[in-house]
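All values below come from the heavy atoms of this structure, side chains included, with hydrogens, waters and symmetry mates left out.
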Amino acid sequence: MNERYDFSTVESKWQARWEKDGLFRSGQRPTAPKKYVLEMLPYPSGKMHMGHVRNYLLGDVYARYYAMRGHDVIHPMGWDAFGLPAENAAIKEKVHPAVRTQENIVFFKQEMISLGYAYDWSKEINTSEPGYYRWNQWFFLKMLEKGLVYRRFSRVNWCTGCLTVIANEQVKDGNCERCDSKVIDKEMPEWAFRITRYSDALLEGLDHLKQWPERITSMQRNWIGRSEGVEAEFPLDGREGSIRIFSTRIDTVHGATYVVIAPGDRAVQLATPEERPRVQEFVEEMARLSKTERAGEMTEKRGVFTGAHAVNPFTHQRIPIWTANFVLAEYGTGAVMAVPAHDVRDFEFAKKYGLPIKIVLKRPTGETLAVPETVEQVFVDDGVLVDSGDYTGLSSAEARAKEGVFLELNGKGKRTVTYRQKDWGFSRQRYWGTPIPIVYCDRCDPKREGTPVPEWDLPVRLPEIETEQVLTGKGEPPLAKVPSFLHTTCPKCGGPATREVETMDTFVDSCWYYARYLSPQYDRAPFDPAEARRWLPVDIYVGGPEHAVMHLLYFRFWSRVMKELGLSPTDEPVTRLVTQGIVNGPDGRKMSKRWGNVVTPAVIVKRYGADTARTYVLFAGPPERDFDWSDEQVEGAHRFLKRVWTLAYHHRAACAAAGDPETVPAERFTGRSLEMRRAAHKCVKRVGEAIERLSFNTAIAGIMELVNALYAFEAPKTPEEEVAMGEAVRLLAAVLTPFAPHVSDEIGEAYGATGSTVREGWPDYDPALVVDDVLPYAVQVNGKLRGEIKVPAHAAEDEVRAAAESDDKVKTALSGKTVRKVVFVPKRLINFVVS
RNA sequence: GGGCGAGUGGCGGAAUUGGUAGACGCGCCGGACUUAGGAUCCGGUACCGCAAGGUGUGAGGGUUCGAGUCCCUCCUCGCCCACCA
């Protein structure tokens with residue numbers, strides 16, 4: 001090592017060496033315990049930002065630490081290469097998405113290498129390659145066989161300007177965020193995964209994910225939105241048929257004074273001839289609006305009377321049937337019983353249209369309720385039933401049970417469960433995605449339900465295209481404009497047929513990529529089941545919390561499917577999940593070109609080196625917390641590494657000559673040399689424990705303390721002190737490795753290591769050196785701190801008490817008082833309770 | 001409206017099971033070395049107070065010998081979901 005800390009030379013030297021030595025290849029220790037460390041694979045945009053840096057660092061520290069502890073670690077990286085941004089860029093810049101994506105990958109990978117990440121690049125994958133996406137198609141076929149894929153007509157967001165389906169996220173105030181045109185609902189065919197078949201399993205599985213942040217599991221619970229209730233038939237008055245409603249509060253049924261159904265054809269059919277024109281008009285108006293416009297919470301409740309009446313099955317009263325915007329066709333049965341006395345929405349609507357309000361509950365305390373005047377007065381909690389026939393006097397819970405049974409016995413309904421979660425529609429009218437392996441043949445399949453492409457014909461490749469002609473952002477899906485792709489032969493009859501021109505949602509790609517890493521070249525299945533048995537589930541997964549209910553739910557679903565297909569051994573893909581916080585700009589705002597507050601990793605690496613960037617980002621705060629970038633703190637991290645460097649450089653010659661502590665009898669270490677050894681060994685213990693808890697900021701703080709302590713010792717004066725210093729620096733280099741691996745390796749080498757400190761392993765601390773023989777005790781009087789005493793570690797209560805009582809300040813505090821009780825906490829404190 | 005987090009010095013943040021609040025870093029103040037320093041090293045730094053001492057973890061109560069930590073009420077901020085019956 002040189003006197004000057006020349007980070008760029010040191011970093012490129014070790015990066016090259018790690019790659020050459022295959023330091024981070026997995027499978028090197030087949031008999032050791034495995035550790036699968038994974039970070040969410042990136043969409044390869046042009047440049048890395050600090051969020052990426054932090055994300056990958058959190059996994060990297062963990063991977064390096066466990067590699068040092070002798071685990072067989074797999075830590076792979078790849079590219080989520082399909083997606084809309086590349087296609088939009090292609091439309092704008094007229095460059096094929098594959099070309100642009102490849103450029104980005106090269107750039108991105110270079111930045112990753114420059115940050116010193118410990119990836120096994122032999123496992124690299126790219127989801128846009130046929131070798132990868134053919135297995136998306138394979139899964140599609142398997143899931144089609146199992147009924148987990150189906151074709152449906154569904155209501156989607158259709159942009160009237162772009163002439164395409166867009167995602168909910170792309171709709172802003174009912175308009176398209178790109179072209180600002182109006183977005184409407186459109187019924188169109190699409191392919192969907194029957195994820196709702198797994199709703200209960202996914203929900204139940206959350207209970208076992210003890211090492212996932214509760215924030216994420218609760219969001220998934222919410223998203224799945226399981227609610228238990230009943231479906232009940234409300235017979236139509238004066239004609240055949242009935243309306244089936246869903247309610248979680250059947251205990252309030254005696255207060256149901258009207259029924260509301262979602263605006264749609266059914267409402268029109270129900271309407272009496274006199275009311276029909278108005279109902280028709282209302283339904284048509286609603287159909288023209290987007291979901292948010294029609295039924296967003298901001299939207300005022302509106303509705304019309306159908307003229308028809310239903311009969312409340314419990315009260316036998318005749319109640320009016322309305323149709324209104326606040327009832328959603330897609331949830332429950334698309335119809336509700338309205339109980340204005342005990343439901344806020346029903347109350348507002350009843351107030352507006354003058355519908356009757358009937359109290360059927362009193363408070364659990366027995367207090368009776370008055371008819372509410374305002375929304376705030378509406379009693380919506382469980383209570384005790386009043387004015388409810390045979391059920392009067394029951395609690396809400398009892399009533400729900402009995403009324404449910406009544407409905408079932410009389411064939412008027414049933415207890416049931418409803419979910420908020422919907423099936424996952426994955427058809428996209430895009431080019432840059434996985435083609436859906438389906439063919440339409442007019443002869444074999446006149447209803448156009450789709451004929452699957454046989455497994456042996458996979459992959460259905462994305463065709464080569466003339467970018468400018470095909471990717472226009474207008475008209476039909478791009479693949480419909482490529483005749484060579486579109487026209488094919490029917491797998492059944494061999495006659496002329498056309499291919500499905502839609503592609504898959506890119507969330508399909510990320511459902512199983514973590515398993516593909518295990519055997520990226522495997523060509524008999526998506527991955528090698530033997531490797532899956534060795535490595536799955538993933539031990540730790542790091543990524544942003546924004547994926548809580550998309551990717552993190554989808555891949556839990558997929559994981560279950562893979563198990564059923566006999567590919568994977570586990571239901572759950574990931575044991576421990578870490579969701580990292582956001583790196584904001586120095587001004588506390590989200591980093592953005594708009595604010596001019598973007599700090600790029602490349603600039604920081606160039607100015608301070610990767611080790612400084614790593615140390616700073618990890619030291620800035622706990623992983624899950626957001627933090628604001630701070631240039632001063634970066635300087636601080638850099639200063640720390642310079643101190644480490646100077647210390648190691650300064651002592652290297654003397655320490656090399658002095659040798660190992662093992663060569664010196666333990667009793668020769670006394671005074672300063674013993675203190676040095678204690679400081680170093682305590683640091684090893686502390687840092688290891690902190691890393692396992694993912695408390696990287698305190699791990700680094702612990703290393704800083706050791707460095708400060710070693711500076712305080714100044715120059716070693718005896719051979720023992722030289723030995724102790726040498727040991728301390730070697731231990732320092734070891735514990736610093738996960739954070740600042742380049743500096744650590746350079747120091748390690750100067751202190752006699754033959755290769756990377758990763759190969760040297762994580763050091764064991766000497767248990768005898770991490771316990772003190774004199775301990776500080778806090779002395780309290782009535783719980784207030786009155787003094788601090790130093791006592792031999794093995795001292796018993798009476799010795800500590802005697803020492804405490806002889807302390808001057810304690811004496812003063814105790815004088816003239818009677819000791820009622822003494823609380824003694826070994827190794828911590830003694831508290832005199834006096835009066 | 002519902003769910004989940006979080007409130008600790010000037011700032012980022014520490015504090016295994018309730019046990020010396022403020023580790024570590026930044027900033028600031030002082031000193032050393034220097035022609036010089038925005039380099040480096042050493043010291044100080046929660047608040048009030050000259051001091052003795054007192055006060056302090058969003059607010060208010062409670063449990064306890066002892067509460068940042070546990071319980072209750074409330075306030076503020078953030079995120080997610082949201083007319084889901």
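Across the protein-nucleic acid pair, L641(A) atom CG and rU40(B) atom P stand 13 Å apart, rounded to whole Å. Atom-to-atom, CD1 of I216(A) to P of rG5(B) comes out at 12 Å; the value is rounded to the nearest Å. Taking atom CG of residue D381(A) and atom C1' of nucleotide rG2(B), one finds them 13 Å apart after rounding to whole Å. Atom NZ of K352(A) is separated from atom P of rC83(B) by 17 Å (rounded to the nearest Å). In this structure, the CZ atom of R249(A) is 11 Å from the C1' atom of rA85(B), given to the nearest Å. Protein atom CD of E689(A) is 16 Å distant from nucleotide atom C1' of rA14(B), rounded to whole Å. Rounding to whole angstrom units, OH of residue Y616(A) and C1' of rG13(B) are separated by 12 Å. Per the geometry, CG belonging to D808(A) stands 15 Å off C1' belonging to rA52(B), to the nearest Å.
Rounded to a whole angstrom, the distance from the C1' atom of rG66(B) to that of rA52(B) is 25 Å. Atom name C1', nucleotides rC41(B) and rU57(B): the rounded distance is 34 Å, in whole Å. Of the C1' atoms belonging to rU40(B) and rC33(B), the separation is 9 Å, rounded to the nearest Å. Separation of the C1' atoms belonging to rA21(B) and rG56(B) is 9 Å when rounded to the nearest angstrom. Rounded to a whole angstrom, the distance from the C1' atom of rG58(B) to that of rG49(B) is 26 Å. Rounded to whole Å, the C1' atom of rG22(B) lies 15 Å from the corresponding atom of rU69(B). Atom name C1', nucleotides rU45(B) and rA23(B): the rounded distance is 15 Å, in whole Å. Nucleotides rC24(B) and rA46(B), compared at atom P, are 12 Å apart to the nearest Å.
Side-chain contact check for S227(A) and Y331(A): at least one donor-acceptor pair (N or O, by modelled atom type) lies under 3.5 Å. A side-chain donor-acceptor contact under 3.5 Å links Q421(A) and S199(A).
V779(A) comes within contact range of no nucleotide atom at all, as no heavy-atom separation falls under 4.0 Å. Among the protein residues, F246(A) comes within range of the nucleic acid bases, having at least one heavy atom under 4.0 Å from a base atom.
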For nucleotides 22-29 of chain B, list the nitrogen or oxygen atoms of the protein found under 3.5 Å from its nitrogen or oxygen atoms, one pair per line.
unit_1  : atom_1 : unit_2  : atom_2 : d
rA23(B) : O2'    : E705(A) : OE2    : 3.0
rG25(B) : OP1    : N708(A) : ND2    : 3.0
rG25(B) : O2'    : Q633(A) : OE1    : 2.8
rG25(B) : N2     : Q633(A) : NE2    : 2.6
rG25(B) : N3     : Q633(A) : NE2    : 3.1
rC26(B) : OP1    : R639(A) : NH1    : 2.6
rC26(B) : O4'    : Q633(A) : NE2    : 3.4

List every contact pair, protein side and nucleotides 77-80 of chain B side both N or O, where the distance is under 3.5 Å.
unit_1  : atom_1 : unit_2  : atom_2 : d
rC79(B) : O2'    : R215(A) : NH1    : 3.4

> Can you list the steps and then say if R639(A) with E635(A) is a salt bridge (charged side-chain N to carboxylate O under 4.0 Å, His left out)?
Replying inline: CA-CA 6 Å; R639(A) 192 176 307 152; E635(A) 291 276 359; 5.0 Å; no
> Where do D200(A) and Y419(A) land on the side chain to side chain donor-acceptor pair (under 3.5 Å) test, with the steps shown first?
Replying inline: CA-CA 9 Å; D200(A) 271 326; Y419(A) 300 88; 2.6 Å; yes
> Taking it one step at a time, do V336(A) and F246(A) satisfy side-chain contact (heavy atoms from CB on, under 4.5 Å)?
Replying inline: CA-CA 6 Å; V336(A) 298; F246(A) 173 74; over 6 Å; no
> Could you go step by step and tell me if F507(A) and W424(A) meet the ring pair (Phe, Tyr, Trp, His ring centres under 6.0 Å) rule?
Replying inline: CA-CA 10 Å; F507(A) 276 115; W424(A) 168 19; 7.1 Å; no
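Both S695(A) and K784(A) lie close to RNA chain B; mapped to their nearest nucleotides by heavy-atom distance, the more 5′-ward contact belongs to S695(A). Nearest-nucleotide positions on RNA chain B for S218(A) and R625(A) put S218(A) closer to the 5' end.
Salt-bridge check for E689(A) with K685(A): passed, with a basic side-chain N closer than 4.0 Å to an acidic carboxylate O. Using a 4.0 Å cut-off between a side-chain N of Lys or Arg and a carboxylate O of Asp or Glu, E228(A) and R400(A) do not qualify as a salt bridge. A salt bridge is defined here as a Lys NZ or Arg NE, NH1 or NH2 lying under 4.0 Å from an Asp or Glu carboxylate O, and K790(A) with D772(A) fails to meet this definition. The pair D382(A)-R249(A) meets the salt-bridge criterion, since a charged nitrogen lies less than 4.0 angstrom from a carboxylate oxygen.
rG60(B): glycosidic angle beyond 90° from 0, hence anti.
Contact check, K642(A) against rU40(B): a side-chain N or O comes under 4.0 Å of OP1 or OP2. At rC81(B), none of the side-chain N or O atoms of R221(A) fall inside 4.0 Å of OP1 or OP2 (strictly under the cut-off). Taking 4.0 angstrom as the limit, R786(A) places a side-chain polar atom (N or O) nearer than this to OP1 or OP2 of rG54(B). Residue R693(A) places at least one side-chain N or O under 4.0 Å from the OP1 or OP2 atom of rA15(B).
Relative to the side chain of L328(A), the nucleotides rG5(B), rC84(B), rC81(B) differ in distance, and rC84(B) lies closest. Of the candidate nucleotides rA85(B), rA14(B), rC81(B), rA14(B) has the atom nearest to the side chain of P622(A). The listed nucleotides are rU20(B), rG5(B), rG13(B); the one nearest the side chain of L785(A) is rU20(B).
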Kindly list each side-chain donor-acceptor pair under 3.5 angstrom involving residues 821-835 of chain A, sequence neighbours excluded, with atom names and distances?
unit_1  : atom_1 : unit_2  : atom_2 : d
N831(A) : OD1    : N782(A) : N      : 3.4
N831(A) : OD1    : G783(A) : N      : 3.0
S835(A) : OG     : R820(A) : NE     : 2.7
S835(A) : OG     : R820(A) : NH2    : 3.1

Under 3.5 Å, side-chain donor or acceptor atoms of residues 691-700 of chain A against the rest of the protein: list the pairs with distances, not counting sequence neighbours.
unit_1  : atom_1 : unit_2  : atom_2 : d
E692(A) : OE2    : Y65(A)  : OH     : 2.6
E692(A) : OE2    : R69(A)  : NH1    : 3.4
S695(A) : OG     : T698(A) : OG1    : 2.6
T698(A) : OG1    : S695(A) : O      : 3.0

>> Please convert RNA chain B into dot-bracket. A pair counts if it is Watson-Crick or G-U wobble with both distances under 3.5 Å; crossing pairs go in [ ] and bases paired with another strand get |.
In response: (((((((..(((......[....)))((((((.......))))))(((....)))..(((((..]....))))))))))))....
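At distances below 3.5 Å, not a single donor-acceptor pair connects side-chain atoms of T196(A) with backbone N or O atoms of K422(A). Although no hydrogens or angles enter the test, the distance criterion places a donor-acceptor pair under 3.5 Å between the side chain of D587(A) and the main chain of R589(A).
Side-chain to base pairing of K821(A) with rC65(B): no donor and acceptor N or O lie closer than 3.5 Å to each other.
For the segment residues 826-835 of chain A, residues with any heavy atom less than 4.0 angstrom from an atom of RNA chain B are, sorted by number, R828(A), L829(A), N831(A), V833(A).
Aromatic ring orientation, F7(A) versus Y5(A): perpendicular (interplanar angle above 60°, classes split at 30° and 60°).
Summarising the geometry of T257(A) relative to P356(A), their closest heavy-atom pair is OG1-O, 2.8 Å, with the distance given to 0.1 Å.
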